[in-house]
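These notes are about the structure you will find just below.
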Amino acid sequence: MVRAPSDTTDLLAERRDALLHLARDHGAECAAVFGFGSALGAGSASHGALRFFSGWDGHESLSLLIITSDSAYLLVGSPFMLPLARELRPDLAAEHVPPLDWGKVFAARMHGTCVATVGFGELPRQVDAGLTADGFAAGPSLDDAAARLRLVKDAAALSRHRDAAALCDLLFGRLGAELARRRPAWEIQLDLETEARRQGADYCRTWLTIAPAADYPRYWPAEARRVPEHGDQVLFGVALTADGHWGHGIRMGSIGPQKAEHRELAGHAGAMLEAGLSALRPGLPLAGAERAMEAVLAERVDGSERQRMRRFRNGHGLGFSYEEPLTTAVFRQHFDPGAPPAAASDLVLAPGMLFELHPNLFVPGLGGAALGEMVLVTPEGPECLLHHPRACRSWD
């Protein structure tokens with residue numbers, strides 16, 4: 001289903017040129033981008049930046065991209081990945097250099113040149129210590145500036161995000177048949193994740209809660225061993241990548257008729273989603289979607305009941321990272337009672353920005369509701385990239 005990666009050599013070169021110009025604006029002569037590989041899935045922010053500027057995925061290995069006025073060097077941390085790097089990224093001067101020796105490369109080639117950095121906040125401690133020991137002094141951080149280059153998705157990126165959305169739809173469409181086989185949740189997840197990989201996803205992780213009062217995913221063995229039964233609630237989330245571009249969505253239903261209390265919770269989540277969608281229009285403040293969804297919840301549910309609920313973020317930015325920088329912190333992480341409030345932002349929405357909105361409500365002993373939509377901001381307003389129906393399903 002997913003198309004083979006297109007040749008984006010010129011596009012990647014343009015992105016690197018833009019980063020180099022930013023480095024010079026900040027008083028640096030070159031830029032270095034650190035990144036983990038995709039093996040960490042949603043657990044790495046640096047991978048998204050490295051992928052954006054290089055097109056490279058080191059999988060389980062560390063990599064460093066060095067951008068100068070006349071070349072782009074890719075230092076590959078694992079010798080096993082070097083042949084792949086040279087085959088897939090002939091536009092980069094790829095070589096294997098152990099991460100603890102990266103500082104020696106800077107000392108030999110940069111000669112004290114000021115180097116702007118991206119992703120260095122995720123450097124492993126030993127690698128950071130090795131760089132310092134070899135005399136490398138990091139210049140200005142371009143993390144925020146580089147993130148602004150990623151705010152608006154170009155046509156090539158949007159095409160891949162649509163591929164990722166189609167894979168999410170595929171899994172949603174197959175869930176009912178899997179539930180009917182009455183197997184443990186972990187087996188259902190394994191088969192669906194494997195199918196996503198067969199169809200072209202390079203990474204896929206799902207969560208599936210099945211219980212009389214289903215709620216947020218814990219990834220506990222006891223939860224994953226549950227076999228669907230009549231009367232159960234079902235909540236199913238998908239997070240995957242197509243050529244590094246994230247797709248994400250959540251759908252819900254029940255085995256047999258939906259209970260009245262679950263229908264009410266689903267109504268709250270649906271109303272919150274509609275409010276969030278209405279706020280994703282060009283020219284409106286970036287933080288408006290969170291405020292709109294929270295206002296709807298406050299209107300529909302009294303304060304004492306809201307205190308009982310467990311919730312995760314109402315949404316986040318989506319792109320080469322599961323939680324894109326700059327567009328995620330405006331959605332508060334409600335699951336953590338000590339988390340800071342939603343971040344203030346001077347950004348306004350523009351066509352080409354991509355979000356995941358997933359309002360969610362979990363009431364202990366009662367049940368839960370969650371809906372997730374991939375939403376593209378267009379000149380005309382929000383476009384949902386998922387096509388599987390949002391209405392709660394009732395599976396026999």
Side-chain angles (χ1 to χ4, degrees), residues 16 19 22-23 26-54 56-68 72-82 84-85 92-147 150 203 205 219 241 244 246 316 319-326 328-329 333 335-336 338-340 343:
R16 292 193 291 272
L19 184 64
L22 287 171
H26 286 75
E29 298 175 54
C30 59
V33 183
F34 167 76
F36 285 101
S38 64
L40 291 178
S44 166
S46 64
H47 173 68
L50 178 69
R51 194 76 169 258
F52 179 79
F53 291 109
S54 69
W56 167 245
D57 177 7
H59 297 280
E60 73 283 357
S61 63
L62 312 181
S63 303
L64 186 69
L65 175 70
I66 303 173
I67 306 167
T68 68
Y73 304 94
L74 180 65
L75 307 186
V76 181
S78 166
F80 298 102
M81 300 304 293
L82 182 60
L84 184 65
L92 304 176
E95 57 185 299
H96 165 239
V97 180
L100 296 182
D101 292 336
W102 285 350
K104 295 180 174 60
V105 173
F106 283 108
R109 299 182 184 176
M110 302 296 107
H111 305 295
T113 298
C114 182
V115 182
T117 64
V118 176
F120 273 46
E122 285 193 0
L123 273 176
R125 185 173 180 178
Q126 279 189 308
V127 177
D128 189 34
L131 286 168
T132 302
D134 288 322
F136 175 78
S141 169
L142 297 183
D143 285 337
D144 284 355
R150 297 162 56 182
Y203 173 90
R205 182 147 193 213
Y219 306 105
T241 58
W246 281 90
H316 50 86
F320 274 104
S321 295
Y322 173 78
E323 292 186 341
E324 281 283 273
L326 302 184
T328 292
Q333 180 50 275
F335 201 86
D336 179 5

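- Residue F34 holds its CZ atom at 5.0 Å from OG of S46, rounded to the nearest 0.5 Å.
- In this structure, L19 and I67 have side chains that are in contact, with non-hydrogen atoms separated by less than 4.5 Å.
- Here the side chain of H316 pairs no donor or acceptor atom with the backbone of E324 at under 3.5 angstrom.
- Proximity of L62 to P124: side-chain heavy atoms (C-beta onward) are separated by under 4.5 Å at one or more points.
- Not one N or O on the side chain of H26 forms a donor-acceptor pair closer than 3.5 Å with the backbone of P140.
- Shortest non-hydrogen contact noted between S78 and H96 is C-CD2, 3.6 Å.
- For the pair L142 and T117, the minimum side-chain heavy-atom distance is 4.5 Å or more.
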Working for side-chain hydrogen bond (donor to acceptor under 3.5 Å, both in side chains), residues R51 and S38: CA-CA 9 Å; R51 194 76 169 258; S38 64; 5.1 Å; no
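- The existence of a salt bridge linking D128 and R125 is excluded, since no basic side-chain nitrogen approaches an acidic carboxylate oxygen closer than 4.0 Å.
- Residue G48 comes nearest to S321 through the heavy atom pair CA-OG, 3.5 Å, listed as atom of the first residue, atom of the second, then distance.
- A cation-pi arrangement is absent between R16 and F52, since the terminal nitrogen or guanidinium carbon is not both under 6.0 Å from the aromatic centre and inside a 45° cone about the axis.
- Partners of E323 according to the salt bridge (Lys or Arg N to Asp or Glu O under 4.0 Å) rule, which considers only residues two or more places apart in sequence or in another chain, are R313.
- Ring geometry, F136 versus F120: the interplanar angle falls from 30° to 60°, so the pair is classed tilted.
- With sequence neighbours excluded, no residue forms a side-chain hydrogen bond (donor to acceptor under 3.5 Å, both in side chains) with W246.
- For the salt bridge (Lys or Arg N to Asp or Glu O under 4.0 Å) test, residues two or more places apart in sequence or in another chain that qualify with R109 are E95.
- With hydrogens and angles disregarded, a donor-acceptor distance shorter than 3.5 Å links the side chain of D143 to the backbone of G119.
- Across all non-hydrogen atoms, the minimal contact from A94 to A85 is CB-CB, 4.1 Å.
- Side-chain contact between F36 and L50: absent, with no pair of heavy atoms (C-beta onward) separated by less than 4.5 Å.
- In plain terms, the two heavy atoms of E29 and T113 that are nearest each other are CB-CG2, 3.4 Å.
- Inter-residue side-chain proximity for Y73 and V105 is flagged as unmet; no heavy-atom pair is nearer than 4.5 Å.
- Atom OG of S61 and atom CZ of F80 lie 11.0 Å apart (nearest 0.5 Å).
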Audit row: L123, L131, side chain to side chain contact (heavy atoms under 4.5 Å, CB included) steps and yes/no: CA-CA 10 Å; L123 273 176; L131 286 168; 3.8 Å; yes
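- Counting heavy atoms from C-beta outward, V33 and S54 have side chains that stay 4.5 Å or more apart.
- In this structure, the separation between CG on L84 and NE2 on H59 is 6.0 Å, given to the nearest 0.5 Å.
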Intermediate values then yes/no, side chain to side chain contact (heavy atoms under 4.5 Å, CB included), M110 and C30: CA-CA 9 Å; M110 302 296 107; C30 59; 3.7 Å; yes
Side chain to side chain contact (heavy atoms under 4.5 Å, CB included) between W56 and H47, worked out: CA-CA 9 Å; W56 167 245; H47 173 68; over 6 Å; no
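- Across all non-hydrogen atoms, the minimal contact from V118 to A49 is CG1-CB, 3.8 Å.
- Side-chain contact between P325 and R150 is present, with heavy atoms from C-beta onward closer than 4.5 Å.
- The only member of L40, D57, T241 that meets side chain to side chain contact (heavy atoms under 4.5 Å, CB included) when paired with Y203 is T241.
- Nearest heavy-atom pair across M81 and V76 is CB-CG1, 3.6 Å.
- The line from CG of D101 to CG of L75 is 10.5 Å long, rounded to the nearest 0.5 Å.
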